[in-house]
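I have placed the structure first, in the form of structure tokens, so that the comments after it can refer back to it.
All values reported here derive from a predicted model rather than from experimental measurement.
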Amino acid sequence: MFRKIKRHLGLKKQQDNIDTIYTGIDEPLPRNIERVKERLGEIFSECSDYIQREIVCGEDGCIRILVSYIEGFVDKKILNQDVVRPILDYFSSTEGQDKAKRIYQLIKECIISNNEVGEVQSMQQAVYKIVSGDAVLFVDGSNSALVVGVKAPQGRQVEEPDTEVSIRGSREGFVENLATNMVLIRKRIKSPNLKFEMMQLGIQTKTDICICYIKGIANEEIVKEVRKRVKKIRSDAILDTGYIEQYIADNRLTLFPVVGSSEKCDKLVAKLLEGRVAILCDGSPYVTTVPYLFIESIQTSDDYYDHAFFASFLRLLRLVALVISNLLPAMYVALVSFHHTVIPFKLIITLAASRQGIPFSPFVEAILMLAAFELLREAGVRMPRTIGQALSIVGAIVLGEASVRAGIASNLMVIIIAITAICSFVVPPLIRATMLLRLAFLIAANFLGFLGILFMAVVVIIHLCKLRSFGIPYMAPLSPLTATDLKDSFIMVPIWAMITRPKILFEEYTRGTVGLKRQEVDKISED
């Protein structure tokens with residue numbers, strides 16, 4: 001017990017030390033330029049990328065200005081053209097002694113030609129702006145500093161994302177630059193109701209986070225809940241939206257994704273127009289959306305660009321593929337191990353012939369083949385793209401053929417695992433959940449046959465019906481049944497017939513109070 005107390009105190013002390021890194025420099029800016037140089041030298045000690053340049057001009061060198069920035073973040077050409085050169089030209093042609101008293105205002109209002117000019121009053125704010133990529137100007141005799149936006153272009157250009165390929169529609173995907181991603185959204189929604197709320201997360205990283213929604217369309221209660229959960233995050237580092245997803249999810253132990261994620265601009269804009277809220281993270285091309293429903297896993301952006309008949313057929317096909325990828329190996333094991341009478345006589349003869357000489361039971365055989373498939377899939381993902389594709393294809397063919405010839409697996413089992421693998425790739429958002437659910441169904445089938453599969457299916461369905469995403473039932477509009485929202489579920493109506501937004505996002509939002517009257521919900525929210 002004493003060890004636990006000691007460890008807790010040690011962690012608290014470490015957290016306090018981390019907090020003082022920033023609170024310790026929360027002090028007013030010194031008026032003396034030498035004191036500023038000394039303080040910044042202490043803060044950025046052993047930082048070889050920290051650059052500072054002192055400008056001395058005016059009559060008898062009475063005007064002293066310190067320019068501080070981080071190497072690589074700043075476009076030096078723009079810094080010299082918009083900041084340094086105008087200052088030198090102006091004060092070389094005027095009498096500095098008369099202008100020294102109002103030098104700060106002159107630089108801010110008249111001399112600097114850059115449009116992005118801000119102001120800070122504390123050392124903490126100045127340090128944050130420097131490490132964020134801006135140039136900060138300290139003027140001798142002033143207790144404020146100027147922040148000039150001269151960032152160099154960072155990151156890759158806008159291109160089509162590899163993870164979400166579209167046959168039709170926009171090819172633009174999000175990038176790692178937050179400002180670029182905001183422009184891509186604004187370009188598609190030209191309305192002042194599109195709101196971007198900025199904040200910083202991460203004690204060490206101070207990562208820029210943006211909450212995006214359309215005011216008047218998004219439910220205000222959901223927006224408040226998103227803002228509340230995001231502000232509660234306490235972590236040293238936020239490097240991707242995946243970090244945020246794990247903190248804000250309603251149920252952190254479920255296998256199913258309760259927070260959406262996308263790289264496609266048109267897909268995100270469509271979700272915003274339905275009333276959802278997006279969370280953007282600087283440094284990540286993935287944008288998180290909430291609430292996220294199960295039905296979204298089988299939807300694609302191409303569905304809305306094609307005829308409704310084809311879209312409905314493809315959605316049903318994806319649903320069938322999802323069921324097959326979860327149940328097919330388990331059903332094979334159940335049939336071979338328990339339910340021989342269900343199998344036709346001719347097929348029993350084929351099964352017996354294919355399993356002749358196999359030293360393993362159907363369950364062990366299925367486990368080995370599924371493990372081999374998952375290893376090949378993981379190797380194909382982690383290897384370089386060209387090598388990974390060749391490894392997956394050649395490895396699957398060689399392993400399948402070799403295992404059959406060696407008598408480790410039957411021909412039918414290889415076919416079943418191949419069909420299972422193909423079906424699992426049809427619904428990408430549920431690949432990880434399907435991987436573990438397939439194993440659970442397989443174990444249940446090995447002990448109880450079809451009864452075990454049925455029992456696991458009931459457990460999974462009950463679990464899905466209990467899940468919520470920011471207060472919205474995960475299985476909506478099927479559970480609870482919302483007739484008006486069925487137009488965009490497994491069966492899709494033509495786009496011209498979708499005249500209403502999802503009703504569940506506006507009338508059923510509560511924190512565990514779905515089914516109450518609107519007045520009762522408002523009362524609970526006020527309390």
If you take all heavy atoms of V287 and I279, which pair is closest and at what distance? CG1-O, 3.6 Å
Residues E164 and S262: closest non-hydrogen pair is OE1-OG, 3.2 Å
Between K271 and E296, is there a side-chain N and carboxylate O pair less than 4.0 Å apart? yes
Mutual orientation of the aromatic rings belonging to F310 and H307 [parallel < 30°, tilted 30-60°, perpendicular > 60°]: perpendicular
Whether the side chain of T241 engages the backbone of T288 through a donor-acceptor N/O pair (distance < 3.5 Å, no angle test) should be reported. no
Flag the pair F73 / V131 as yes when at least one side-chain heavy-atom distance between them is below 4.5 Å, and no otherwise. no
Rounded to the nearest 0.5 Å, the CG atom of N193 sits from the NZ atom of K195 at a distance of 6.0 Å
Counting only heavy atoms not in R168 (residues, nucleotides, ligands), do more than 12 fall under 6.0 Å from its CZ? no
E172 and salt bridge (Lys or Arg N to Asp or Glu O under 4.0 Å): which partner among K264, K267, K187? K187
Do other residues, nucleotides or ligands put more than 12 heavy atoms under 6.0 Å from the CZ atom of F196? yes
So which pairs with a foot in residues 358-370 pass salt bridge (charged side-chain N to carboxylate O under 4.0 Å, His left out), sequence neighbours left out? R355-E365
Spell out, as yes or no, whether a donor-acceptor pair under 3.5 Å connects the side chain of R186 to the backbone of S191. yes
Distance only, no hydrogens: is a donor on one side chain within 3.5 Å (strictly under) of an acceptor on the other, for K487 and T500? yes
Does any N or O in the side chain of N181 come within less than 3.5 Å of the main-chain N or O of L178, such that one atom is a donor and the other an acceptor? no
Distance-only side-chain donor-acceptor flag, Y304 / D266, under 3.5 Å: no
Evaluate the ring planes of F294 and Y474, with Trp represented by its six-membered ring, and classify them as parallel (under 30°), tilted (30 to 60°) or perpendicular (over 60°). perpendicular
How about Y292 and S261: does a side-chain donor come under 3.5 Å of a side-chain acceptor? no
Could you check whether D488 pairs with R315 (Lys NZ or Arg NE/NH1/NH2 to Asp/Glu carboxylate O, under 4.0 Å)? yes
Any heavy-atom pair between the side chains of T420 and F373 that's under 4.5 Å? no
Taking everything shown except I499 itself, do over 12 heavy atoms lie less than 6.0 Å from its CD1? no
Nearest heavy-atom neighbours spanning A444 and G452: CB-O, 3.5 Å
Quick check: do R377 and M435 have side-chain heavy atoms less than 4.5 Å from each other? yes
With a 4.5 Å limit on heavy-atom distance, are the side chains of Q157 and V175 in contact? no
Residue pairs passing the ring-ring contact (aromatic ring centres under 6.0 Å, His included) test with at least one member in residues 443-464, sequence neighbours excluded, are H339-F450
Does a sphere of radius 6.0 Å around CZ in F425 hold more than 12 heavy atoms from other residues, nucleotides or ligands, not counting ones at 6.0 Å or beyond? yes
Begin from the C-alpha positions of D250 and R229 and carry the test salt bridge (charged side-chain N to carboxylate O under 4.0 Å, His left out) through to its verdict. CA-CA 10 Å; D250 289 57; R229 295 189 189 185; 2.9 Å; yes
In this structure, are over 12 heavy atoms from other groups packed under 6.0 Å from M331 atom CE? no
Can you check whether N326's main-chain N or O pairs, donor with acceptor, with T434's side chain at less than 3.5 Å? no
